[in-house]
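Inspection log for the structure reproduced underneath, given as structure tokens.
What you are looking at is a predicted structure, and each value in this text was computed from that prediction instead of being measured.
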Amino acid sequence: MRRCLIFCAMLTTACEPREPVYVERDIPAPLTTPCAEPVKGAPSQGALVELVLGWKHTANCNADKLERIGELF
């Protein structure tokens, strides 16, 4: 639906010889900072599992932030 609105706005302003105006949106600072990465512990099987789960949490956190930024636009 958003694309249709953009095309309608482009078509209605196409007849005028004006330059396009781009509006920048402010993105909140917490959404642009990456999530904390997990810290590698002593080498063991349990530490490897904790590290993998930590990376999974970090990836999901960053993906959620990107999704929220996408919702702003």
_Distance-minimising heavy-atom pair for Pro38 and Thr58_ = CD-OG1, 3.5 Å
*With sequence neighbours excluded, what pairs up with Leu48 under the side-chain contact (heavy atoms from CB on, under 4.5 Å) test?*
Val52
*Taking all non-hydrogen atoms of both residues into account, name the closest pair between Ala42 and Ala47 and its distance.*
O-CB, 2.9 Å
*Side chains of Cys35 and Lys65: does their closest heavy-atom pair fall under 4.5 Å?*
yes
_Where Thr32 and Ile27 come nearest, the two heavy atoms and their spacing_ = CG2-CG2, 3.6 Å
